[in-house]
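Down below is the structure, laid out as structure tokens.
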Amino acid sequence: MLRRPRLYRSQEALVANYQRLCDLASGAECAASIKANAYGIGIDFVAPRLFEAGCQTFFVAHAHEGIRLRQYVPEARIFVFHGLGADAVETFTTHRLQPVLNSLEDVARASGHHLSPAIHIDTGMHRLGISTDDLESVFEHLSASECALVMSHLSSADDTASAMAEQQCRAFQYALEQWPQATPGSLANTAGVLRDSSFHFQMVRPGIGLYGGSPDPRDPKGFQSVVCWEAPVLQLATVKSGEPIGYGGQFKANREMQVATLATGYADGYLRCLGDRAAVALDGVRCPVVGRVSMDLVTVDVTEYVNQGGSVREGHWVEMLGSSISLDELAVHADTISYELLTRLGDRFELIET
Ligand SMILES: *Cc1c(COP(=O)(O)O)cnc(C)c1O
């Protein structure tokens with residue numbers, strides 16, 4: 001047996017999440033944000049299955065991600081968030097990529113090339129996008145009929161206490177009304193889809209919900225986990241009370257402890273800060289992580305499991321993330337968001353499709 005961590009990727013969960021987002025989108029087209037290798041899950045797995053489920057439009061960050069995506073979804077529309085770099089027209093044309101034009105420089109570069117671009121309007125996030133004051137300059141370079149999409153991005157749609165999302169939504173509505181010709185609009189990420197239909201316009205472009213996470217990990221939204229991460233036990237030891245476990249020895253057993261050492265670590269994306277904080281699951285029984293997380297190893301206290309009559313042996317599979325330990329829970333333990341956890345998944349996994 002080759003003892004390496006394994007990652008199950010579930011088509012059923014992915015498609016169920018997509019269907020749920022389509023249903024929530026109240027008639028708007030449901031596109032998919034699939035940047036960063038589908039948030040670490042793999043575009044080879046995600047893209048063809050979403051396309052088969054009816055998704056016709058994909059968004060990536062970089063043009064080179066779009067080039068790779070093109071081979072998996074030859075028929076789909078692919079938009080590139082990061083705009084049109086200098087001298088990039090030929091690449092976009094060859095691979096049939098559509099740039100999201102974020103600045104007047106982008107717009108000028110696109111002029112005359114029939115790239116069916118999207119125009120990104122800055123509605124207050126001040127990260128990327130063209131100011132609503134500059135709309136007229138856009139049409140000096142492009143005709144309104146050439147634009148395939150008008151979009152903007154929400155900065156805090158998951159925070160219902162903040163008025164920011166409503167302000168952005170109104171600013172976006174205003175920009176669409178100024179548009180000389182009826183053009184589809186797109187504003188909503190996952191958090192925007194979960195808000196009311198006034199955020200949906202003609203197209204939504206969720207990411208994290210497709211992959212099983214929530215925009216705010218402290219406010220789980222019930223998406224199904226697309227990945228399940230398991231690691232095998234390499235060794236089982238009895239550690240006496242007072243003895244240290246792992247690097248630095250900062251964790252000391254406060255009683256006699258059954259400790260299992262698992263073959264996965266921060267090189268696989270199990271963040272180092274999860275040491276002494278997170279739990280894993282053995283046959284559904286939660287077992288705390290004890291001591292520091294190493295590059296390739298994690299030590300867990302399995303005493304409770306053993307006391308309940310469980311027997312742990314070498315090669316026993318332990319769930320790091322999946323049905324018992326949710327992505328959102330792990331993100332809370334790591335003081336981060338589910339997006340970061342997924343995009344840190346390493347490349348040492350045995351990949352299994354279910
Ligand atoms: C990543 C991204 C999305 C998707 O956001 P989620 O929160 O993952 O749903 C949508 N739009 C833009 C511009 C993005 O960068």
Side-chain angles (χ1 to χ4, degrees), residues 14 17-18 20-22 24-25 28-41 43 46-47 50 55 57-63 65-66 69 77-84 98-103 106 117-130 148-160 162 164-165 168-169 172 175 184-195 199-227 327-328 331 336-345:
L14 177 70
N17 292 334
Y18 180 67
R20 181 174 167 212
L21 287 157
C22 287
L24 287 166
E29 177 184 350
C30 191
S33 288
I34 196 166
K35 60 209 184 191
N37 198 25
Y39 291 34
I41 293 174
I43 55 168
V46 170
L50 286 181
C55 182
T57 304
F58 294 86
F59 288 85
V60 292
H62 294 276
E65 297 179 322
L69 176 59
R77 289 204 296 175
I78 301 176
F79 284 101
V80 176
F81 282 137
H82 282 5
L84 186 65
Q98 294 171 247
V100 175
L101 306 177
N102 295 310
S103 64
D106 269 356
I119 308 287
H120 186 170
I121 308 293
D122 180 10
T123 51
M125 189 175 187
H126 301 315
R127 193 178 66 169
L128 285 175
I130 296 168
L149 187 71
V150 183
M151 62 157 272
S152 188
H153 191 43
L154 295 163
S155 70
S156 36
D158 55 323
D159 180 0
T160 44
S162 146
M164 182 70 181
Q168 286 193 271
C169 192
F172 188 60
S186 175
L187 179 65
N189 51 9
T190 301
V193 178
L194 291 166
R195 292 181 78 126
F199 284 83
H200 297 163
F201 296 93
Q202 286 72 42
M203 183 201 284
V204 297
R205 38 170 220 278
I208 196 66
L210 292 169
Y211 312 118
S214 306
D216 173 358
R218 291 174 199 278
D219 183 14
K221 297 298 186 189
F223 291 106
Q224 297 182 30
S225 187
V226 171
V227 292
L327 188 57
D328 289 326
T336 184
I337 51 177
S338 52
Y339 306 67
E340 189 180 19
L341 280 185
L342 286 179
T343 54
R344 296 291 182 92
L345 289 171

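Note that ligands are numbered from 1 as they come in the structure, with each ligand's atoms numbered from 1 the same way.
- Nearest non-hydrogen protein atom to atom 9 (O) of ligand 1 is T190 OG1, 2.5 Å.
- Taking every heavy atom of both residues into account, F81 and N102 meet most closely at O-ND2, 2.8 Å.
- Contacts between H153 and ligand 1 below 4.0 angstrom, taking non-hydrogen atoms only, involve the side chain exclusively.
- Ligand 1 has P206 within reach: a non-hydrogen atom of the residue lies less than 4.0 Å from it.
- Put simply, the side chain of P215 reaches to within 4.5 Å of the side chain of Y339, judged on heavy atoms.
- Close contacts of ligand 1 with I208, meaning ligand atoms under 4.0 Å from a residue heavy atom, involve 6 (P), 8 (O), 9 (O).
- With hydrogens left out, the protein atom closest to atom 5 (O) of ligand 1 is N189 CB, 3.4 Å, a heavy atom.
- Using a 3.5 Å distance cut-off with no hydrogens or angles, the side chains of T57 and E29 do pair a donor with an acceptor.
- Residue contacts with ligand 1 for F59 are absent, since no atom lies close enough (heavy atoms, distance under 4.0 Å).
- Against a heavy-atom cut-off of under 4.0 Å, K35 is close to the following atoms of ligand 1: 1 (C), 2 (C), 3 (C), 14 (C), 15 (O).
- In terms of protein heavy-atom proximity, atom 8 (O) of ligand 1 is closest to Y39 OH, 2.6 Å.
- Any N or O atom pair closer than 3.5 Å counts here, and G207 shares at least one such pair with ligand 1.
- No N or O atom of G209 sits closer than 3.5 Å to an N or O atom of ligand 1.
- The shortest non-hydrogen separation linking A188 to F199 is CB-O, 3.6 Å.
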